[in-house]
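Encoded as structure tokens, the structure appears first; notes follow it.
Here is the naming used below: chain letters follow the sequence lines, and residue numbers restart at 1 for every chain.
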Protein chains: 2
Amino acid sequence: MNIGEIARRAGVSRSTVSYALSGKRPVATSTRRRIQDVINELGYRPNATARALKEGRTRTIGLVIPPAGNRLTHMQLDFVASVVEAAARVDLDVLLSPSGGGHDRSFERLVSESRVDGVILMEIRLEDPRVGRLQAAGLPFVGIGHTAGDHQMSWIDVDYAGLVQHCVRHLADLGHRRVALVTRSRELISAGYGPARRASEGFEAAVAERGLDGVEVPCGDDARSGQECVVALLRSHPDLTAVTTINEAALPGIERALADSGIEVPYDFSVTGVAAKTWAEDFRPPLTAADVPALDMGEKAVSLLVERIAAPDTPPRHILLTPPISLRSSTAAAPTGRPSRVSRATR
Amino acid sequence: MNIGEIARRAGVSRSTVSYALSGKRPVATSTRRRIQDVINELGYRPNATARALKEGRTRTIGLVIPPAGNRLTHMQLDFVASVVEAAARVDLDVLLSPSGGGHDRSFERLVSESRVDGVILMEIRLEDPRVGRLQAAGLPFVGIGHTAGDHQMSWIDVDYAGLVQHCVRHLADLGHRRVALVTRSRELISAGYGPARRASEGFEAAVAERGLDGVEVPCGDDARSGQECVVALLRSHPDLTAVTTINEAALPGIERALADSGIEVPYDFSVTGVAAKTWAEDFRPPLTAADVPALDMGEKAVSLLVERIAAPDTPPRHILLTPPISLRSSTAAAPTGRPSRVSRATR
DNA sequence: TTGTAAGCGTTATCAA
DNA sequence: TTGATAACGCTTACAA
């Protein structure tokens, strides 16, 4: 079933069918109807591959996700979902490419075989070879996340430094003096993962600014790690009264560890951080947190990309989001005086 | 940059370049090296679109996922991740298509524009129009999940009926007489969602077989719903001593509701179900459950599809998985005699 | 061992 | 208002 077959049955030339479909040239109403009838009858749709070859564009974008081995976080999942959805709204298909672990056939296919009109790169590292690769290929792309140096690229990101700083200030305002940052996994950090690195910066800045005692601990992306991490933290820092985190997957574990130690949030201890809304609202008590608008971000990334595809020589654009901190119920004034938390926990 | 350019620079014909690349015809070593040098220098890779047009296949498969609106469950996410990974291993790209909510441009593009060589259909309904659509289009496909009638299609699924039956029998063996099934959302059920429907069947069968009192409640796919659901259940059925579930996302809420009521699992109450391993292990205490091998399933789905693409006229194959129930710590003998749970909870 | 040329299914230019 | 035809970049039969 192809355009020639339709043309034959409608008794017209292929070009007329093409024009009847695209409307790029007037077609007599009678002819058009005849063609449309045949098309409806046979359920014809033009072959996307042939069209792509002819038009020089695929109407497809690539979405580069972290390799499947490391299970995706909820936030990443929201990115994927919203990118796919937003792309579908403008009739773009999305080709998925798991990448990030070094040599990568799938990513290479994407950039060098003209399979896509542009690429959205998730989980960018501070130094990321894929950025150079895409630039060399001359393929339009945007990052969800951004590199260390300002490479000439469009991106959208969350201002982790600023947000963590806000969180710590909020805790300081409440009288907390010793606070911890529960960050992402050691591997991610040493791989140069931007959000972790930038969260550290914000944390250190705020701690210095307010003269607090700050302790920072890496933590795996799961409940168990969160739990272990907080248990260790409570043991090693008995005077800790607050924690802030950028590790949403650790939140259920953080909740557990505190509950197990007989610590009541927020009266004995405050918790805050930056996380997707669901996680914040699922925390007990509901978490005072900067809600990462992951769904918006995917959508905006698609807009940015569409823009770049349309006008590749336009200067790149950056969107740095600083969502406000939603005050929920997990932060309160630091507990005053002794009995310290330790005695309470063991009483 | 195309094959003609390479040919020109290497001083050979385009076909020679093509053959040098594919190895489908011998090429003199010297010529081959000359060609390879040019290719390396320019970083040439054949245009995938042109190749697809010529070869009549795209080396791409479509993955039809539920629409992004309903946030994907972890299990669904594992399917996606494993499908993408497995496809990448055999050098297939994956085109994502959100579908399921009625009229669907993205799905239609997939099936009727020859964008893909085959389709993996997630979240199949008992009556699913997309199955007929794919069959009419003559596009190879496999389901993760299966319809009610045995349409002529390949699929892989988990035996929810059998597994829930096992779970209930296990509870009955432990002396539980009044048990509940926490299933999926009311919407999913009325939309004809297979796993929910089949879980019901298994539940009813086991309850009848063992002469138990069974109660079945729908529940949204999130912690809060799980919590509300169990709270309501405890109130309406004071003599309930066990619950089984196929709603993994509700597990954290189930855990909370029980803890809040002062119920200790497994001494006062048993919990079991079918869930991805992570969820089961994250439950407190670790959940006795049938672990759904979501990662395997994605991989097997890809194999099935590759098979069907290669031999479309082969009779379809079905894989119904019945993973064993992993005995962890959330089930124990039913509490004996009074004081009943109610009095304990309020004591 | 290599080259020529047809053809995959479109779109769009040029003629009529 | 419509038709013939070239072209997109590739693979592969057929020739040499």
Side-chain angles (χ1 to χ4, degrees), chain A residues 1-36 38-39 42-60 91 93 109 111-117 137-139, chain B residues 1-36 38-39 42-60 91 93 109 111-117 137-139:
Chain A
M1 181 52 41
N2 59 32
I3 199 171
E5 178 69 10
I6 304 294
R8 204 181 54 70
R9 300 213 190 193
V12 296
S13 74
R14 293 180 321 193
S15 52
T16 302
V17 175
S18 179
Y19 285 120
L21 241 33
S22 70
K24 292 188 182 173
R25 162 169 118 171
V27 171
T29 330
S30 59
T31 335
R32 146 166 302 131
R33 204 179 30 244
R34 201 148 29 94
I35 293 173
Q36 196 56 56
V38 177
I39 286 178
L42 301 190
Y44 165 78
R45 300 275 301 262
N47 179 300
T49 307
R51 184 203 292 245
L53 179 57
K54 178 62 186 160
E55 292 189 335
R57 62 178 179 139
T58 59
R59 297 168 191 261
T60 303
D91 286 339
D93 281 322
R109 277 204 302 274
V111 304
S112 54
E113 294 181 1
S114 311
R115 287 180 111 80
V116 294
D117 299 336
L139 199 57
Chain B
M1 179 53 40
N2 58 33
I3 199 172
E5 178 69 9
I6 304 295
R8 205 180 55 69
R9 299 212 193 195
V12 296
S13 74
R14 295 184 325 199
S15 56
T16 303
V17 175
S18 179
Y19 285 120
L21 242 32
S22 71
K24 292 188 180 173
R25 164 169 115 171
V27 171
T29 330
S30 58
T31 336
R32 146 165 300 131
R33 204 178 30 243
R34 201 145 29 91
I35 293 173
Q36 196 56 57
V38 178
I39 286 179
L42 302 190
Y44 165 78
R45 299 275 301 262
N47 179 301
T49 307
R51 182 203 293 244
L53 179 57
K54 178 62 187 163
E55 292 188 336
R57 61 175 180 144
T58 60
R59 297 167 190 263
T60 303
D91 286 338
D93 281 322
R109 277 205 303 274
V111 304
S112 55
E113 294 181 1
S114 310
R115 288 182 110 81
V116 295
D117 298 335
L139 199 56

Whole-Å distance between [N] [atom2] and [X] [atom1]?
{"X": "B:N2", "N": "D:dC8", "atom1": "CG", "atom2": "C1'", "answer": "10 Å"}
{"X": "A:I6", "N": "C:dT11", "atom1": "CD1", "atom2": "P", "answer": "12 Å"}
{"X": "B:L53", "N": "C:dC8", "atom1": "CG", "atom2": "C1'", "answer": "4 Å"}
{"X": "A:E55", "N": "C:dG9", "atom1": "CD", "atom2": "P", "answer": "17 Å"}
{"X": "B:R51", "N": "D:dC8", "atom1": "CZ", "atom2": "C1'", "answer": "16 Å"}
{"X": "B:R57", "N": "D:dC10", "atom1": "CZ", "atom2": "P", "answer": "16 Å"}
{"X": "B:E5", "N": "D:dC10", "atom1": "CD", "atom2": "P", "answer": "11 Å"}
{"X": "B:I3", "N": "C:dT4", "atom1": "CD1", "atom2": "P", "answer": "14 Å"}

Determine whether a donor-acceptor pair (one donor, one acceptor, N or O, separation below 3.5 Å) exists between the side chain of [X] and the base of [N].
{"X": "A:S18", "N": "C:dA12", "result": "no"}
{"X": "B:S15", "N": "C:dT4", "result": "yes"}
{"X": "A:R25", "N": "D:dG3", "result": "yes"}

Quick check: on DNA chain C, is the nucleotide nearest B:Y19 upstream (toward 5') of the one nearest A:L21, or the reverse? Name the residue that is more 5'.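 First, find each residue's nearest nucleotide; the 5'-ward one identifies B:Y19.
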
If the cut-off is 4.0 Å, is [X] near the phosphate of [N], judged by side-chain N/O to OP1 or OP2?
{"X": "A:K24", "N": "C:dA12", "answer": "yes"}
{"X": "B:Y44", "N": "D:dG9", "answer": "no"}
{"X": "A:T16", "N": "D:dG3", "answer": "yes"}

Report yes if some heavy atom in the side chain of B:R45 is under 4.5 Å from a heavy atom in the side chain of A:V111; otherwise report no.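 No, their side chains stay 4.5 Å or more apart.
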
Measuring only between side-chain heavy atoms, which start at C-beta, is A:L21 closer than 4.5 Å to A:I35?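 A side-chain contact under 4.5 Å is absent here.
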
Students often get this wrong, so: under 4.0 angstrom with heavy atoms, is A:T31 touching a base, only sugar-phosphate, or nothing?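 Sugar-phosphate: the residue A:T31, judged by heavy atoms under 4.0 Å, touches backbone atoms but no base.
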
Are more than 12 heavy atoms from other residues, nucleotides or ligands located less than 6.0 Å from atom CZ of B:R33?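 Incorrect, the count does not exceed 12.
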
Measure the spacing between CE of A:M1 and OG of B:S112 and express it to the nearest 0.5 Å.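 A:M1 atom CE to B:S112 atom OG measures 12.0 Å (nearest 0.5 Å).
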
Going from CG on B:N47 to CG on B:N2, what distance comes out if it is rounded to the nearest 0.5 angstrom?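 Nearest 0.5 Å value for the CG-CG distance: 8.5 Å.
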
Between A:R14 and A:R32, just flag the one whose closest nucleotide in DNA chain D comes earlier from the 5' side.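 Looking at DNA chain D, the more 5' nearest nucleotide goes with A:R32.
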
Let's see if you can work this out: which of D:dT11, C:dT2, D:dT1 has an atom nearest to the side-chain heavy atoms of B:K54?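 Of all the options, the side chain of B:K54 is nearest to D:dT11.
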
